[in-house]
Amino acid sequence: QPPFLPFKKQTLGQRVLITTEKVIKGPLFGCRMCGNCMLQETAFICPMECPKGARNGPCGGSTSEGCYVDETRPCIWYQIYDRAFKMGREDMLLEVLPPLDWDKVGTETWGDVIDQVKKVGTGKVISGIVSRDPVQRTTVMDAVFRPVRQPDWWQGDAEYHPPAYDEPISNLERRLRAGEFVVTTEVAPPASTATGLLTKNINHVKDYTAAVNFTDCPSATPRMSSIACSKIAIENGAEPVMQIAARDRTRTGLQSEVIGASAMGIKNILCLSGDNARMGPRPMGRSDILDIDSIQMLWILRRMRDEGVYLDGRNIKYPPQIFIGAAASPFASEPRFQALREHKKINAGAQFFQTNLVYDPDGLETWLNELAKRDVLDKVYILIGITPLKSLKMAEYMHNDVPGVFIPNKLLKRLEAAGPDGEMEEGVQIALELIEQIKTKQGVNGIHLMPVAWESIVPRIVEESGLLPPDFKHAEEAVQAA
C-alpha cells in the first residue's frame, strides 16, 4: 500500500503538521498517512501496510510466512494479531473500524486529536494520562481517540448485534433455524452469455440442496455476475446465495447492488474480500485500493436491513430483506487469530459462515474450540466447505497455491496410490469420509459443497452421505405424487 497524498491544497500550518506526523509515525509505525488513524486499535502497527488495504483484520490467506499478494513482505495483519495477543490487547481488535474518509486521505490526524483534547479538557486529559488508575487512564484515552477513529457516520463498536427481525427471511435461514443439517453447493457462472449449461446445473442440484451459491469472479477472473446467475436460479425454482466480493465494490456500488438484489427476490448474501488481482489474468489490475473490506460490508448491510439507513444516514423506506453470510478460514494463520476474526464478523452482522475448504477434521476441531471459547457458536450457523478432489494434480494445486487451504499428506498419498484411473473415485470417497467425520462436530450446521465445475457429482455425495433434504422426493416419487 503506497503512502497517500492529499487531494486538496493545505495551509502552511497543515503542511508542517502533515510533514511532522509523516516523519515521526512513518519510521515508528509504518504510517501511510491515510488520515484515518487507528494505531491504538491495531497494536501500534499501521494496517495500511496491507497490500489489500484491509482495515479490520486479515484476509482468508493470512499466514505467518508472508503475504500472498506480495511475497516479499510479511502479512501485516498476522503481525498485528501476534503483537496484540502478546500485549493482551486482542479484544481491542474486535471493534469494527470504518472505511477511509477520502476527504482526509493524505492529511494528518494529530489536528483532530488536538481538537478532541480541547473538547474533553486539556487538564482532564493530562490528569487522566498520569493517573495511576488504569480505568481512569483508559476512560480518558477513549474519550479522546474514539471520536477520532469512529466518526458519526459510522459508530462501529465491538458488540454483538442480533438480527432485528423474528421470522426467517429465506428458505435457507428457515431450515437452519429449524435445526436441519443443510447442504449448500456452488454452480460455476458461465464465462459467456450462454446460460444453457448454467440452467442445467441449477436444475441438477436444486432438489438436493438448501441453496445454490454463485461465485463472484473467483481468482479475479471475469465471469457472468453473481446477481445475474442468482436471478436465473430464482426463475428455475432454486434459492440462490449471491456472493459479493469487496475487491470490485465501492461503498456506493455495494448498497445499490443489494437494494436491487433484494428487489429481485434474492434473499441470501455472502460477503467476501475476494481474491486479489495477483491471482487473476494479465495484465494485472490495480490491487492497492479496497474501498471497503468484508467486515465493513457486513456492518453496512446489517444496518441497512435492521436500521433502515444508508451509510450516509438517509432513511430507507423499504429496507432490503437479506440473510447475511460471510466466509471463514479455519486453516489460515493460527486458529485463535481466525476465531477472533470470525468473532468480529459475527458482531458486524454475519449470520452464517461458509468456510474455506476443510480436509483435516482434527484441525477443524481446534478452530471450533477457539470459537467456543469466544462464546459465539450459538450466534452463527457454520457450513463447512468440502470439495471432492478430481485428481492428484488438483489436490497439489489447492494445497500449494490456494491461500488458506491445507490438505494432509496422507490424502495426497491416497490419490497418488489410486492412479489416473482411480483418483476421481478416491476423491469422492475422501469427501464422503470427511463429511461423516465433520457432521457430528459441535457448532457445525451443514456442509457447503464446492464441486469446481463438477456439479454432476453433487447428488451422489448428498445421497450417499445421508444428507438428503427432509422434503426430497426421487423422480419416481415425484411422478406418483403428481
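Computed from a prediction, not measured in an experiment: that's the story for all the values here.
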Looking at [X] and [Y], what are the two nearest heavy atoms and their distance?
X: I435; Y: I386; result: CG1-CG1, 4.3 Å
X: I80; Y: A43; result: O-CB, 3.9 Å
X: R303; Y: W153; result: NH1-O, 4.0 Å
X: K104; Y: N36; result: CB-ND2, 4.0 Å
X: G156; Y: W154; result: N-CD1, 3.2 Å
X: P281; Y: A220; result: CD-O, 3.4 Å

Heavy atoms from other residues, nucleotides or ligands near [atom1] of [X] exceed 12 (cutoff 6.0 Å):
X: Y318; atom1: OH; value: no
X: K439; atom1: NZ; value: yes
X: K124; atom1: NZ; value: no
X: R282; atom1: CZ; value: yes

Steps toward salt bridge (charged side-chain N to carboxylate O under 4.0 Å, His left out) verdict (R89, E41):
CA-CA 8 Å; R89 296 168 62 94; E41 304 304 300; 5.7 Å; no
Answer yes or no: is there a side-chain heavy-atom contact under 4.5 Å between [X] and [Y]?
X: K267; Y: F323; answer: no
X: I447; Y: I438; answer: yes
X: P163; Y: R305; answer: yes

Before giving the answer on side-chain contact (heavy atoms from CB on, under 4.5 Å), spell out for Y397 and V402 the whole-Å C-alpha distance, their side-chain angles and the decisive distance to 0.1 Å.
CA-CA 7 Å; Y397 169 76; V402 178; 3.7 Å; yes
What's the separation between atom CD1 in I300 and atom CG in L311, rounded to the nearest 0.5 Å?
5.0 Å
First locate atom OG of S170, then atom CD of Q321, and finally report the distance between them rounded to the nearest 0.5 Å.
11.0 Å
For the residue pair [X] and [Y], confirm or rule out a side-chain donor-acceptor distance under 3.5 Å.
X: S131; Y: D133; value: no
X: Q14; Y: T107; value: no
X: Q354; Y: T184; value: yes
X: Q79; Y: E49; value: no
X: Q243; Y: N213; value: yes

Can you tell which of K373, Q338, K379, R374 makes a side chain to side chain donor-acceptor pair (under 3.5 Å) with H343?
R374
Please test T215 against E186 for side-chain contact (heavy atoms from CB on, under 4.5 Å), starting from the C-alpha separation and ending with a verdict.
CA-CA 7 Å; T215 53; E186 283 182 0; 3.6 Å; yes
Test applied, salt bridge (Lys or Arg N to Asp or Glu O under 4.0 Å); reference residue, R249; option that passes from D293, D216, D291:
D216
Report yes or no: does [X] contribute a side-chain atom to a donor-acceptor pair with the main-chain N or O of [Y] at less than 3.5 Å?
X: E370; Y: P335; value: no
X: Q255; Y: R251; value: yes
X: T63; Y: E65; value: yes
X: R223; Y: C217; value: no
X: D82; Y: Y78; value: no
X: S262; Y: V258; value: no

Criterion side-chain contact (heavy atoms from CB on, under 4.5 Å) on M242 and E257, from CA distance to verdict:
CA-CA 11 Å; M242 176 179 142; E257 189 167 356; 3.6 Å; yes
Taking only Lys NZ, Arg NE, NH1 and NH2, and the carboxylate oxygens of Asp or Glu, determine whether [X] and [Y] approach each other closer than 4.0 Å.
X: K119; Y: D115; answer: no
X: E95; Y: R149; answer: yes
X: R177; Y: E173; answer: yes

Can the ring centroids of Y81 and F337 be said to lie less than 6.0 angstrom from one another?
yes
Identify whether NZ of Lys or CZ of Arg in R83 sits under 6.0 Å from the centre of the six-membered ring of F44 and within 45° of that ring's axis.
no
Please step through side-chain contact (heavy atoms from CB on, under 4.5 Å) for the pair R174 and N171, ending with a clear verdict.
CA-CA 5 Å; R174 179 186 63 77; N171 185 50; 2.5 Å; yes
Taking I292 as the fixed residue, which of L254, T250, N56, L100 is the one that meets the side chain to side chain contact (heavy atoms under 4.5 Å, CB included) rule?
L254
Determine, step by step, whether D362 and Q437 satisfy the side-chain hydrogen bond (donor to acceptor under 3.5 Å, both in side chains) criterion, reporting the C-alpha distance in whole Å, the side-chain angles of both residues, the deciding distance to 0.1 Å, and the verdict.
CA-CA 9 Å; D362 294 334; Q437 295 175 65; over 6 Å; no
